[in-house]
J.: 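First, the structure itself, so that you have it in front of you.
This is a predicted model, so every value here is computed, not measured.
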Amino acid sequence: MPVARPEPQEPRVIAHVDMDCFYVQVEQRRNPALRGQPTAVVQYNDWKGGGLIAVSYEARGFGVKRSMRGDEAKRVCPGINLVQVPVARGKADLNLYRSSGSEVVAILASKGKCERASIDEVYLDLTEAAKEMLLQAPPDSLEEICMEAAKSNILGLSSDASEKEKNVRAWLCRSDADYQDKLLACGAIIVAQLRIRVLEETQFTCSAGIAHNKMLAKLVSGMHKPAQQTVVPLSSIQDFLSSLPVKKMKQLGGKLGSSLQYDLGVETIGDLLSFSEEKLQEQYGANTGTWLWKIARGISGEEVEDRLLPKSHGCGKTFPGPRALKNNTSVKGWLDQLCEELSERIQSDLNQNKRIAQTLTLHARASKKNERDSMKKFPSKSCPLRYGTGKIQEDAMKLFESGLHDFLESQSTGWSITSLSVTASKIFDIPSGTSSILRYIKGPNSSAPPAISDSSSVPEDPSLDVTPIHEEQCEPSTSEKEDNNRYSAISTKQCPANEEKKNSMKSTGVKGASSILKFLSRDHSAHQEKRRSDGLICSHQGPGSSSEANEAERNVPAQAAVVDRSNSGAEPSGSSNTWMLNVEDIDPAVVEELPPEIQREIQGWIRPSKHPTAKRRGSTISSYFPPARS
DNA sequence: ACGGTTGAAACA
DNA sequence: TTGTTTCAA
């Protein structure tokens with residue numbers, strides 16, 4: 001439930017930016033004929049015309065609502081354009097909207113701390129930018145305020161029809177205002193400029209709220225839509241909140257809000273003021289009680305997080321009614337589809353953002369037939385995430401079977417699955433330059449050329465369990481053939497082997513980066529066709545950050561990865577090499593023969609895994625690399 | 001036995 | 001920690 005955060009004593013300038021019926025705008029940009037038309041985006045349309053997930057303002061004028069069916073929307077608004085969400089692998093594919101959202105984030109992140117709150121919303125902390133403006137170019141000269149800023153809605157400002165814009169200008173440059181309101185005025189101007197940039201560069205309109213905290217900014221961002229912004233001056237807060245229905249407040253739209261109404265008779269946020277903090281704590285616990293007490297007073301200490309990317313990736317699908325899945329085969333089929341998409345998405349995240357996900361989770365909804373109606377829920381299950389589509393599919397199926405086992409409690413006749421989803425979470429940045437093994441591979445000279453060359457070099461071993469990953473930016477999927485070509489491009493020429501410890505490897509034919517990675521991995525003869533996309537990895541770093549004392553025990557990723565960024569300065573984008581190795585595939589016997597420094601690093605990658613591990617081959621260096629013939 | 005598909009977060 | 005639950009859009 002909600003938790004109160006300590007309130008920063010410094011006044012902040014926070015904005016919440018919300019795209020107007022975003023999916024519709026994305027489709028309108030793709031097909032400009034839809035502009036200005038009543039339009040809605042639906043996903044699927046077999047059943048009752050599909051479900052609406054976004055509705056244009058024109059269509060809203062006809063009474064079309066989200067949560068209507070396509071058929072119903074057509075009845076209410078016969079002229080409506082219904083655009084379908086793209087379908088891939090039998091499921092709705094939202095990647096187009098994700099990437100469109102990223103375009104917006106990239107622009108909005110330019111003026112201060114930026115938090116991606118959802119696919120189409122961000123929070124901005126503009127405090128510094130606003131202070132700067134107040135010092136350098138305060139908005140006290142009337143005409144320099146841009147048109148868009150002058151169209152702001154100022155909460156509590158008398159909105160005399162024709163005089164409105166003039167009043168707003170006056171408010172924005174008031175010289176007798178509170179310092180805090182002056183900051184807000186600067187924030188409003190900055191946000192107006194940002195919104196214009198978004199429109200110019202993406203063709204998307206958005207609305208925004210500007211206030212002293214996230215809660216207030218969020219509350220008003222949608223107050224005047226579309227394509228408008230709203231400011232909450234200090235003096236307007238109490239009046240605004242006092243009449244605000246509790247359900248409008250974020251976090252109070254559900255059960256907690258209902259409880260406030262039915263148990264305490266609280267209809268508006270103002271009504272909350274008559275309850276002491278102690279009383280609220282008694283009702284809802286210390287955390288939620290304090291939170292309620294504070295929000296009633298417009299206090300919210302939540303910080304804007306500096307995060308432009310999502311914290312997890314999920315793929316799911318529901319199988320309603322007659323479409324429910326009733327046997328293992330159909331579950332496997334759908335799970336494979338979901339895992340394919342998930343794999344693609346985390347691979348993109350790795351290549352584009354140098355991030356690696358550590359946990360795979362499976363969720364399902366199921367009903368048991370025949371059994372006396374057990375309301376029991378299908379348990380979610382998770383395990384360390386291994387890169388590679390095949391591995392993810394394999395693991396997801398195991399998680400499903402485990403969940404099903406628990407769900408059925410060993411006695412059952414029939415079951416049916418009404419929803420499936422797989423999620424990749426615990427995503428961490430891959431740090432650069434910290435890997436001793438990379439230095440080892442590349443030699444002491446850090447400016448040495450990368451150990452991976454272009455496709456002109458001869459494939460060393462098609463079954464190699466090493467995957468240098470290159471992906472064009474924004475290229476969501478690549479064909480199998482392309483992959484094969486790309487992944488074979490590993491050079492063995494580059495490793496300067498000038499240290500004594502390397503001699504044993506040298507003498508057994510281990511010369512280059514790919515060889516060392518191969519060298520680390522066991523079982524590289526198996527699963528030839530699957531291994532292609534399996535990962536290699538080198539280098540460590542888990543969540544806890546390196547300064548933690550007992551970091552090796554926890555906080556260690558199931559997968560370690562290393563990015564060789566040595567050539568990323570020269571290449572404009574996405575060209576750095578990412579190598580991955582499933583940690584469980586590292587052969588301990590081989591590790592023993594490496595220098596202690598490297599051994600320590602590799603130990604840091606390893607953590608207990610729930611996965612059944614393939615049987616270890618009794619292995620030595622020479623069993624992998626027979627002495628080079630000459 | 002459905003607005004579906006995502007996502008974040010707190011809690012046990 | 002994993003798994004559950006709530007909330008939101």
Side-chain angles (χ1 to χ4, degrees), chain A residues 1-5 18-23 40-45 47-55 65-73 84-87 91-95 97-98 101 115-121 123 218 221-222 247-259 284-285 287-288 291 302 305 307 309-324 338 341-342 345 358-365 367 369 376-384 399 402-403 406 416 418-427 543 553-555 607-608 610:
Chain A
M1 316 279 102
V3 173
R5 301 290 179 206
D18 190 2
M19 305 307 293
D20 305 321
C21 53
F22 187 48
Y23 293 10
V41 175
V42 297
Q43 55 189 1
Y44 313 125
N45 68 355
W47 194 65
K48 301 191 177 181
L52 273 58
I53 56 176
V55 181
K65 291 180 187 167
R66 236 178 15 228
S67 91
M68 271 183 176
R69 297 286 172 187
D71 293 348
E72 201 179 350
Q84 284 183 61
V85 172
V87 171
K91 67 178 288 299
D93 176 5
L94 304 183
N95 281 327
Y97 312 115
R98 286 193 190 92
E115 174 182 335
R116 175 197 193 274
S118 78
I119 200 170
D120 72 337
E121 286 172 276
Y123 288 97
K218 164 84 179 169
S221 66
K247 291 271 182 186
K248 300 275 190 190
M249 176 73 65
K250 191 173 170 195
Q251 300 298 321
L252 298 184
K255 297 183 178 183
L256 181 55
S258 297
S259 169
Y284 298 108
N287 286 345
T288 303
W291 179 81
E302 249 185 304
E305 248 183 90
R307 181 175 55 77
L309 299 170
K311 289 181 163 180
S312 66
H313 301 288
C315 300
K317 180 164 177 63
T318 56
F319 308 94
R323 294 202 265 188
L338 294 171
E341 183 190 319
L342 184 64
R345 283 168 58 191
Q358 280 190 41
T359 303
L360 174 70
T361 306
L362 176 131
H363 297 270
R365 284 174 47 189
S367 63
K369 259 300 162 84
K376 190 138 88 79
K377 292 186 177 155
F378 195 101
S380 64
K381 297 285 175 185
S382 56
C383 70
L399 292 175
S402 158
D406 294 358
S416 74
T418 57
S419 95
L420 279 178
S421 78
V422 287
T423 301
S425 61
K426 300 188 186 161
I427 302 177
E553 295 180 31
R554 49 171 218 269
N555 290 346
R607 72 171 181 192
K610 282 186 185 173

J.: Please tell me which of Thr288(A) and Glu341(A) maps to the more 5' nucleotide of DNA chain B, matching each residue to the nucleotide holding its nearest heavy atom.
T.: Glu341(A)

J.: Nearest-Å distance, CE (Met68(A)) to C1' (dG4(B))?
T.: 17 Å

J.: My understanding is that only residues two or more places apart in sequence, or in another chain, count here; which of them pass side-chain contact (heavy atoms from CB on, under 4.5 Å) with Val55(A)?
T.: Ala40(A), Leu52(A), Ala59(A), Arg60(A), Val64(A)

J.: Find which nucleotide of DNA chain B each of Thr318(A) and Ser416(A) is nearest to by heavy atoms, and output the residue with the more 5' nucleotide.
T.: Ser416(A)

J.: At less than 4.0 Å, is any side-chain N or O atom of Tyr44(A) found next to OP1 or OP2 of dT5(B)? Yes or no.
T.: yes

J.: Name the closest nucleotide to the Ser382(A) side chain, picking from dC11(B), dG3(C), dG7(B).
T.: dG3(C)

J.: dT2(C) phosphate, OP1 or OP2: any side-chain N/O from Thr359(A) under 4.0 angstrom?
T.: no

J.: Could you check whether any side-chain heavy atom of Tyr123(A) comes within less than 4.5 Å of a side-chain heavy atom of Glu305(A), counting everything from C-beta outward?
T.: no

J.: Quick one, Pro2(A) and Leu256(A) - any side-chain contact, counting heavy atoms below 4.5 Å?
T.: yes

J.: To the side chain of Glu305(A), which of dT5(B), dT2(C), dA9(B) is closest?
T.: dA9(B)

J.: List in chain and number order the residues that pass salt bridge (Lys or Arg N to Asp or Glu O under 4.0 Å) with Arg116(A), two or more places apart in sequence or in another chain; answer none if no residue qualifies.
T.: none

J.: Please report the distance, rounded to the nearest Å, between CG in Asn95(A) and P in dT5(B).
T.: 14 Å

J.: Report yes if a side-chain nitrogen or oxygen of Arg323(A) is closer than 4.0 Å to either non-bridging phosphate oxygen (OP1 or OP2) of dA1(B); otherwise report no.
T.: no

J.: Output the rounded distance in Å from CG (Leu309(A)) to C1' (dA8(B)).
T.: 15 Å

J.: Measure the distance from CG on Leu338(A) to P on dT5(B) and round it to the nearest whole Å.
T.: 9 Å

J.: Roughly how many Å is it from CD in Gln84(A) to P in dT5(B), rounded to a whole number?
T.: 14 Å

J.: What is the separation between atom CD1 on Ile119(A) and atom P on dG4(B), rounded to the nearest whole Å?
T.: 18 Å

J.: Show the numbers, then the answer: is there a side chain to side chain contact (heavy atoms under 4.5 Å, CB included) between Thr418(A) and Thr318(A)?
T.: CA-CA 6 Å; Thr418(A) 57; Thr318(A) 56; over 6 Å; no

J.: How many Å lie between OH on Tyr23(A) and P on dG3(B), as a whole number?
T.: 18 Å

J.: Within the pair Arg365(A) and dG4(B), is there a side-chain N or O less than 4.0 Å away from OP1 or OP2?
T.: no

J.: Using a 4.0 Å heavy-atom cut-off, does Glu115(A) contact any base of the nucleic acid, only the sugar-phosphate backbone, or nothing at all?
T.: nothing

J.: Could I get the full list of salt bridge (Lys or Arg N to Asp or Glu O under 4.0 Å) partners for Lys91(A), not counting sequence neighbours?
T.: Glu341(A)

J.: Please enumerate all residues that pass salt bridge (Lys or Arg N to Asp or Glu O under 4.0 Å) together with Glu72(A), with sequence neighbours excluded.
T.: none

J.: Which parts of nucleotides 4-9 of chain C does protein reach within less than 4.0 Å, heavy atoms only, written one letter per nucleotide 5' to 3' as B for base, S for sugar-phosphate only and - for none?
T.: BSSSSS

J.: Check whether any side-chain nitrogen or oxygen of Arg98(A) sits under 4.0 Å from OP1 or OP2 of dG7(B), and answer yes or no.
T.: yes

J.: To the side chain of Asn287(A), which of dC11(B), dT5(B), dA1(B) is closest?
T.: dC11(B)

J.: Whole-Å distance between dT6(B) C1' and Ile53(A) CD1?
T.: 10 Å

J.: Considering residues at least two apart in sequence or located in another chain, which fulfil the salt bridge (Lys or Arg N to Asp or Glu O under 4.0 Å) criterion with Lys248(A)?
T.: none

